[in-house]
There are 2 protein chains.
Amino acid sequence: MKTLKYSRQREELYDLLSSVKTHPTADWLYGELRKKMPNISLGTVYRNLALLIEAGKVQKITVGTSTDHFDANTSNHYHFVCNCCERVYDLDMEVMENLNQEAEEQSGHKVTGHSLLFYGTCNACKEKENRKDVLQ
Amino acid sequence: MKTLKYSRQREELYDLLSSVKTHPTADWLYGELRKKMPNISLGTVYRNLALLIEAGKVQKITVGTSTDHFDANTSNHYHFVCNCCERVYDLDMEVMENLNQEAEEQSGHKVTGHSLLFYGTCNACKEKENRKDVLQ
DNA sequence: TTTAATAATGATAATCATTACTGATTACAA
DNA sequence: TTGTAATCAGTAATGATTATCATTATTAAA
C-alpha cells in the first residue's frame, strides 16, 4: 500500500484546478503552473493528476477531442463542449439518477454510472461568428 | 468540391462495419480487412473512416478509453461501455430529444445534440468474474 | 537531531493512436 | 484512349500520454 507524501507541485496543481470554473487540459495547467514554478515538468502534472483521480479528488473528462480535460468537481454533473473552441462548460441541470437503473434493466449489464455530454456552439463562439458576419 | 470515386477498400470497410453489431476500433477493422485484402494499410482504414463520417454514413464513438470506436448506425442512440473489457454495446432506450432544449435554455449556448454513455460491467465480464470466484 | 526508507521530481525517452506525405496506381468523364 | 484527380500502400511525422531513471525531498523512527 503506497502512501502519498506531501509535494508542493501536487498542492499547487490541486489549488489551481479547484480555483478555475473551466475544465483545463494538462497542458494548460502545465503552462499556468510554470509561472510560479518554472521547473515543473509536464510529466509531473500528468502523474499528479493520476494520483488525484485515484484519490477521488479530481475527475477526467473525455469529450471526443484529442486532449482530455480535468475537473476538481467530482460530484456528478453534466457538461457542454463547444464544437468550435473545444471549451468545456458545466451545466446546471439535475442529474437523472434513474437512468442507470433503466439502462441496467434494459441491457442486463451492471450499470454503475453515466456521462451526459451536450455539444454545439458556445456563447463566446456565437458572438465571434456574428462579428465576422458584420465585417463580411 | 471533392467527389468520391469508387474504391474496393472503402466498400469492404463499410460492408464490414455495417455487418457487425459491435463497435469496432480502427485496428480491429484493419485486422479483419487484411484477411480478404492482405495489402490494405491502416492509413487507408482511417482515411476511409473519415470520408464515411464526412458523408454521414458512419459515426465515431469516443468512450474515454485510448482508442476510438466506430458505428455504421448513425441514428441517435445511447451506448454502454464496459469498464473491464472496454467493449461498447448499443442500448435500446428512447432518445430524450427534449434534453437539448433544456440544456440550451439553461446555459444559453446553442445546443445541437448530446451523447449519453453508460458504464459498468458487461454481462460477459460479470460471468468471467463469477467463474473466477468459483475457482478461488 | 540524524538516519533510513521511499515517494516525488525534472528531464528525457518510449509508446501508441492517429494523421500527413509520397510516388505509384486506379477510376472515370471527355 | 487519355487526362486528371482520387485512392492506394508504405512509411514518416505528430501529438498526447506514460514510463524510466538518477537525484531530491518528505516522513517516521531511532
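Just so we're on the same page: letters track the sequence lines, and every chain starts at 1.
- Counting heavy atoms from C-beta on, the side chains of A:L13 and A:L29 come closer than 4.5 Å.
- Per the geometry, CG belonging to B:L13 stands 13 Å off P belonging to D:dT7, to the nearest Å.
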In B/S/- notation, 5' to 3', how is nucleotides 25-30 of chain C contacted by protein heavy atoms closer than 4.0 Å? --BS--
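- For the pair A:V63/B:T62, no side-chain contact is recorded, criterion being any heavy-atom separation below 4.5 Å from C-beta on.
- For the pair A:R8 CZ and D:dT24 C1', the interatomic distance rounds to 15 Å; values are reported in whole Å.
- Atom-to-atom, CZ of B:R34 to P of D:dA9 comes out at 12 Å; the value is rounded to the nearest Å.
- The distance between atom OH of B:Y30 and atom P of C:dA17, rounded to the nearest whole Å, is 13 Å.
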Enumerate, atom names and distances included, each donor-acceptor pair closer than 3.5 Å involving a side-chain atom of residues 70-78 of chain A, sequence neighbours excluded.
residue, atom, partner, partner atom, Å
A:D71, OD1, A:N73, N, 2.8
A:D71, OD2, A:H23, NE2, 3.1
A:D71, OD2, A:H77, NE2, 3.1
A:D71, OD2, A:H79, NE2, 3.4
A:N73, OD1, A:S75, N, 3.1
A:N73, OD1, A:S75, OG, 2.8
A:H77, ND1, A:S75, O, 2.6
A:H77, NE2, A:H79, NE2, 3.0
A:H77, NE2, A:D90, OD1, 2.9
A:Y78, OH, A:M96, N, 2.9
A:Y78, OH, A:H114, NE2, 2.8

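- Only B:N39, B:I40, B:S41, B:T44, B:R47, B:N48, listed by number, bring a heavy atom of residues 36-56 of chain B to less than 4.0 angstrom from any atom of DNA chain D.
- A pairwise comparison of heavy atoms in B:K126 and A:H109 identifies NZ-C, 4.1 Å as the closest pair.
- Atom-to-atom, CH2 of B:W28 to P of C:dA17 comes out at 17 Å; the value is rounded to the nearest Å.
- For the residue pair B:E105 and B:Q101, a side-chain donor N or O sits within less than 3.5 Å of a side-chain acceptor on the partner.
- Atom pair B:I61:CD1 and C:dA17:P shows a separation of 18 Å (rounding to whole Å applied).
- Backbone-only contact: B:D68 has heavy atoms under 4.0 Å from sugar-phosphate atoms and none from a base.
- Separating the CD atom of B:E12 from the P atom of D:dT7 is a distance of 16 Å, rounded to the nearest angstrom.
- When the side chain to side chain donor-acceptor pair (under 3.5 Å) test is applied to B:Q59, no partner is found at least two apart in sequence or on another chain.
- In this structure, the side chains of A:C122 and A:F80 come closer than 4.5 Å at one or more pairs of heavy atoms.
- A straight line from NZ of B:K60 to P of C:dA17 spans 14 Å, rounded to a whole angstrom.
- The side chain of B:Q9 contributes an N or O atom lying less than 4.0 Å from OP1 or OP2 of D:dA9.
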Do any side-chain atoms of residues 45-56 of chain B form donor-acceptor pairs under 3.5 angstrom with protein atoms, and if so which ones, sequence neighbours left out?
residue, atom, partner, partner atom, Å
B:R47, NH2, B:T44, OG1, 3.3
B:N48, OD1, B:R10, NH1, 3.0
B:N48, ND2, B:T44, O, 3.0

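- For A:S66, there are no side-chain contact (heavy atoms from CB on, under 4.5 Å) partners two or more places apart in sequence or in a different chain.
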